[in-house]
K.L.:
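Dropping the structure in here first, questions after.
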Amino acid sequence: MDYNFREIEKKWQQYWRENKTFKARNVSEKPKYYVLDMFPYPSGAGLHVGHPLGYIASDIFARFKRLKGFNVMHPMGFDAYGLPAEQYAIQTGTHPAVTTEKNIARYREQLDQIGFSFDWSREVVTSDPFYYKWTQWTFIRLFEHWYDKTSDKARPVSELIGAFEKHGNDNLDAVCGEVSPFTAAEWKSMTEKERQQVLMHYRLAYLADTWVNWCPALGTVLANDEVKDGFSERGGHPVERKLMKQWSLRITAYAQRLLDRLDRIEWSESLKEVQRNWIGRSEGAAVFFRLAVSSQQSAVSRDELKTQNSELKTQNSELKTQNSELKTLIEVFTTRPDTLFGATFMVLAPEHELVMQIAAPERRPRVSEYVEWAKNRSERDRMAEVKRITGEFTGAYAVNPLNGQEIPIWVADYVLAGYGTGAIMAVPGHDSRDFAFARFFDLPIVQVVMKPGEEISDTHQWSESYDAKEGIMVNSGFMNGMQVKDAITAAIRKIEEMKAGFGTVNYRLRDAIFSRQRYWGEPFPIYYKDGMPYPLDDSQLPLELPGVDKYLPTETGEPPLARAKNWTTKEGYPLETNTMPGFAGSSGYYLRYMDPWNKDAYFSKEANEYWQDIDLYVGGDEHGTGHLIYARFWNMFLYDIGLVCCEEPFRKLINQGKIQGRSNFVYRINGTNTFVSFNLKDQYDTTALHVDIEIVDNDILDTEAFRKWRPDYENAGFILEDGRYVCGWEIEKMSKSKHNVQSPDDLIAKYGADTLRMYEMFLGPVELSKPWDTKGIEGVFRFLKKYWRLFYDENGNFNVSTVTPFRSELKILHNAIRKIGSDIERFSFNTAVSAFMICINELTDLKCNKREILEPLNILLSPFAPHITEEIWQQLGHSGTISYVSFPEFNEEFVREDTFNYPVSFNGKMRFQMELPVGVTAAEAEAAVLAASESQKWLAGNPPKKVVFVPKKIINVVI
RNA sequence: GCGGAUGUGGCGUAAUUGGUAGCCGCGCCAGACUUAGGAUCUGGUGCCGAAAGGCGUGGGGGUUCGAGUCCCUUCAUCCGCACCA
């Protein structure tokens, strides 16, 4: 019998399905092992060969762990909410659920063909109400909690109310929005609505006016990680900035923990670095600059200032007193408080709330014009014109708290509203952006840091700022002569003494905007009463997505859900019309897999305590600033409220690389329908055109097929070289338009799933991106056929002997056991495949068909090629699946050697080899080498200066 | 600009972690079997050289008996962040 992969693979896939072979139980004596793949969004295009790469790696690992005696859970599901299905719905009117269901079926079919050991009984689909009930449930919990910095965890809002009733909001260290201080009495005198407004500043899921990334083409707001270079990641549409009332998640409360816990998890250094940068911690100081008296007089009115002033956020309780006095303070954040003496002006972001109020009356029109212009500039324009310096003087002055100097306050869009306080003290001498601004508007530049060993110089002569983080302070009063590092500490101490500021930490991380003005997402379990949002009762979950007549915003610009009939509670209160973003459902799906059938809870405590966390998570690194940070936050919150037992969900994470396409090109001579072969193309004026890789073999074009490929090529002419048309090639992204897509279905039809699995692993390390080389797959196919022939003779009869193996055969087997076992543990699947090839080549050379060798080998291979090994396992006389047998034990005994073939080198160059006993002494080895006839040529009669002998490594003769 | 990663045959890669550079596969070359070969099998294949031998891990320098591996420096490519104070 030949290796009939089609029949074998169908047979075993059916067997696994019927016998629920990979169903994991939540109770077991075995140790648990949870292997997870990032679940896919089921797109209409189906899978290409790049998608399963990570799934194959994790599947091999899952199967390996089963053989090693673990109770393995390896679930799969679908991230079903996504823009493509919705865009399609807008165009065609087809409900996104219909499209999604169809795509899921297609994905499922493709995945099944590859022979994954997924436990489909645990399948989670994010758009299924049975699942998203728990996404909504978690949202309500977020709404009902606030972040207490004292205990450094989330606590119920009910406790917060208790605290307010006792002490107002004093003595409370919470992560919150801008809240004025109030007493217990004041709290008690507030109306229900006022209380809700106050609480909203504390909730972990909160509604607030926020500057958002608004994408008009998609008609929705996007999260920061969904915007790339001013365009939407999905679809590539322009994105604008807009102030809108939005739900947000207070992920910033967790910034420090998200940063610190990175040290505890096994992720690649590069991915951790991406997260560190995204969180963007910087240490520095908050400094309060008083408005100069003259400026206060020019400002609108003292009353207005007072209001403004009392809303200023202070994080230091001592400062609160000062702040509520009648003085306008502008808070800036700086990482370099040491350079305070060099602050020669201040800059506010155009969106800064004080800009218009402090502007001098005569400057107000120009300031207002500038602010309008800057606010309406698109993200894209801002980015494209980073070098362009713009700004406007407000006419107001601020007082430097350290030296009493009055400095002009400017407004400029190089200061971002979203970072720090949206206001900076400009130190042009030591910050390149401030320097450029100062030069452009002719503002003074003062040197306050000096390079060690240099003199103070005239800043007028400077061509750039001195941005160094090291140096000696000058022109800085009490800090003169200090090192920068010490001066920072001294400056902070000083401003704290003066109550003009305090040391603090800032994060680049922003709260996650959680509303989308779209249809295809989880509805918020929220209704409005008196204009304030309230959560639905848990008993009313899930709040199911209603039907709508059109998947578009209403005529008045409300989100699509506003079209739904009776979109209210039973009592008639209106329900929220926004939906949740894509990352909502994927932030906690891995928890649901632990207990997906649970009707009464997200998951049971027992299930969570059994599975704990994910031992191995495999997915792409493009989720570094999105899913992987939201999910960590989500999990940390659930940890705080005692729902999950592990603070970090993904203990070990592997980023699989991408598989790039290998495109082929033909070269059309311009203005003709003639195509010239690759090596002759330089003689002509040509245009390179993508050609379908299906009609190219080994870079040789099938010219007949090419003529048939497209009507316009029917009469194409060719200029050949050596009678063939050679195509050019390039490595590019795999995409339909480049005609370089390899579908796994075609390859499985031609070579089988086992070959595809092994070839994808053979390409190179999983983490690396690499081009797909269609030709190479045949090497792996040959390998499996060769493997088959170890068990079957020339006549196709199963022929395995019970003869006792030779030592040489045992050595081959046990070397493979050791090598492959350790390779899998290290996720080095490419070297494992190559070790299999070596092993099979050697056994074929020995014509070994002995059961004692082949049976363990078959188990060894089963994680990689599950179908062929199941079949052979059965042929070997076993019943049932190979999936739960034991991984072969390595026995040192069989690989022990008596001699070692020493490379002998002269001055580090290997010249010949010499076989010596393993226990040889240095003196014996030296004598043997020097006596060898080959040595005479290299010694040329001279005695060696030295002989280095490293046991079982090398002998080096120095001459 | 900042951060991260990667540079080894024509191509994908390997190298027990400082010890024989190029394993395994593709491609290529030669041969066998065949009516045929885009099937199968066998052998060869880093570069230069007739050979002896020399040269070789992006470039330059260093440490070492010995460097793809460690150190310094430089270049290139890819990815992430980017007016982040």
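Numbered from 1 within each chain, the chains take letters A, B, ... in sequence-line order.
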K.L.:
Polar pairs (N or O, both sides) under 3.5 Å between protein and nucleotides 60-65 of chain B?
P.N.:
{"unit_1": "B:C65", "atom_1": "O2'", "unit_2": "A:Asn956", "atom_2": "ND2", "d": "3.1"}
{"unit_1": "B:C65", "atom_1": "O2", "unit_2": "A:Asn956", "atom_2": "ND2", "d": "2.7"}

K.L.:
Checking all strands, does A:Asn830 fall into the base, sugar-phosphate, or nothing category for heavy-atom contacts under 4.0 angstrom?
P.N.:
sugar-phosphate
K.L.:
With syn defined as a glycosidic angle within 90° of 0 and anti as everything else, classify B:G9.
P.N.:
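Here B:G9 takes the syn form, which means its glycosidic angle is within 90° of 0.
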K.L.:
Tell me whether the OP1 or OP2 atom of B:U40 has a side-chain N or O from A:Lys785 closer than 4.0 Å.
P.N.:
yes
K.L.:
So if I take every side-chain heavy atom of A:Asp413 and compare against B:C83, B:G53, B:U20, which nucleotide ends up nearest?
P.N.:
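The answer is B:C83, which lies nearest to the side chain.
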K.L.:
Phosphate oxygens OP1/OP2 of B:U16: is one of them under 4.0 Å from a side-chain N or O of A:Arg826?
P.N.:
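No, because none of the side-chain N or O atoms of A:Arg826 sits under 4.0 Å from OP1 or OP2 of B:U16.
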K.L.:
Under 4.0 Å between any heavy atoms, over every strand shown, what does A:Arg782 touch: base, sugar-phosphate, or nothing? Just pick one.
P.N.:
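Sugar-phosphate only.
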K.L.:
Heavy atoms under 4.0 Å, any strand shown: does A:Gln913 hit a base, just sugar-phosphate, or nothing?
P.N.:
base
K.L.:
Which whole-number value in Å describes the distance from A:Arg281 CZ to B:A85 C1'?
P.N.:
16 Å
K.L.:
Just checking A:Glu915: does its CD atom have more than 12 heavy atoms from other residues, nucleotides or ligands closer to it than 6.0 angstrom?
P.N.:
yes
K.L.:
Between A:Arg508 and B:A82, is there a contact of a side-chain N or O with OP1 or OP2 at under 4.0 Å?
P.N.:
yes
K.L.:
For A:Ser282, which contact category applies under a 4.0 Å heavy-atom criterion: base, sugar-phosphate, or nothing?
P.N.:
sugar-phosphate
K.L.:
Say you pick atom P in B:U73 and the same atom in B:A5; how far apart are they, in whole Å?
P.N.:
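These two P atoms come out 16 Å apart once rounded.
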K.L.:
Determine the Euclidean distance between corresponding C1' atoms of B:U77 and B:U8; express it in Å to zero decimal places.
P.N.:
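It comes out at 15 Å once rounded to the nearest Å.
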K.L.:
Under a 4.0 Å threshold between the charged nitrogen and the carboxylate oxygen, would A:Arg789 count as salt-bridged to A:Asp2?
P.N.:
no
K.L.:
Counting only side-chain heavy atoms from C-beta out, which of B:C83, B:U20, B:G80 sits nearest to A:Leu416?
P.N.:
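Looking only at heavy atoms from C-beta outward on A:Leu416, the closest nucleotide is B:C83.
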K.L.:
So, does A:Arg789 get its side chain near the phosphate of B:U40, meaning an N or O under 4.0 Å from OP1 or OP2?
P.N.:
no
K.L.:
What is the distance, rounded to the nearest whole Å, between atom CG of A:Leu768 and atom C1' of B:A14?
P.N.:
13 Å
K.L.:
Check whether the side chains of A:Asn506 and A:Ser282 place a donor and an acceptor atom closer than 3.5 Å, and report yes or no.
P.N.:
no
K.L.:
Give one of base, sugar-phosphate or nothing for A:Asn506, where a contact means two heavy atoms less than 4.0 Å apart.
P.N.:
nothing
K.L.:
Under 4.0 Å from OP1 or OP2 of B:C28: is there any side-chain N or O of A:Asn698 that close?
P.N.:
yes
K.L.:
State, without any angle test, whether A:Asp434 and A:Tyr414 hold a side-chain donor-acceptor pair at a distance under 3.5 Å.
P.N.:
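Result is yes, a qualifying pair exists.
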K.L.:
Sequence neighbours left out, what pairs pass salt bridge (Lys or Arg N to Asp or Glu O under 4.0 Å) with at least one residue falling in residues 755-774 of chain A?
P.N.:
A:Asp59-A:Arg757
K.L.:
Please work out if A:Asp434 contacts a base, only the sugar-phosphate, or nothing of the nucleic acid, heavy-atom cut-off 4.0 Å.
P.N.:
nothing
K.L.:
For residues 943-959 of chain A, which side-chain donor-acceptor pairs fall under 3.5 Å, sequence neighbours excluded?
P.N.:
{"unit_1": "A:Asn956", "atom_1": "OD1", "unit_2": "A:Ser905", "atom_2": "OG", "d": "3.1"}
{"unit_1": "A:Asn956", "atom_1": "OD1", "unit_2": "A:Asn907", "atom_2": "N", "d": "3.4"}
{"unit_1": "A:Asn956", "atom_1": "OD1", "unit_2": "A:Gly908", "atom_2": "N", "d": "3.0"}

K.L.:
Mind checking A:Lys819 for me? I need base, sugar-phosphate or nothing, with any heavy atom below 4.0 Å counting as a touch.
P.N.:
nothing
K.L.:
One pair to check against side chain to side chain donor-acceptor pair (under 3.5 Å): A:Glu732 and A:Ser663. What are the steps and the verdict?
P.N.:
CA-CA 7 Å; A:Glu732 301 180 291; A:Ser663 310; 2.5 Å; yes
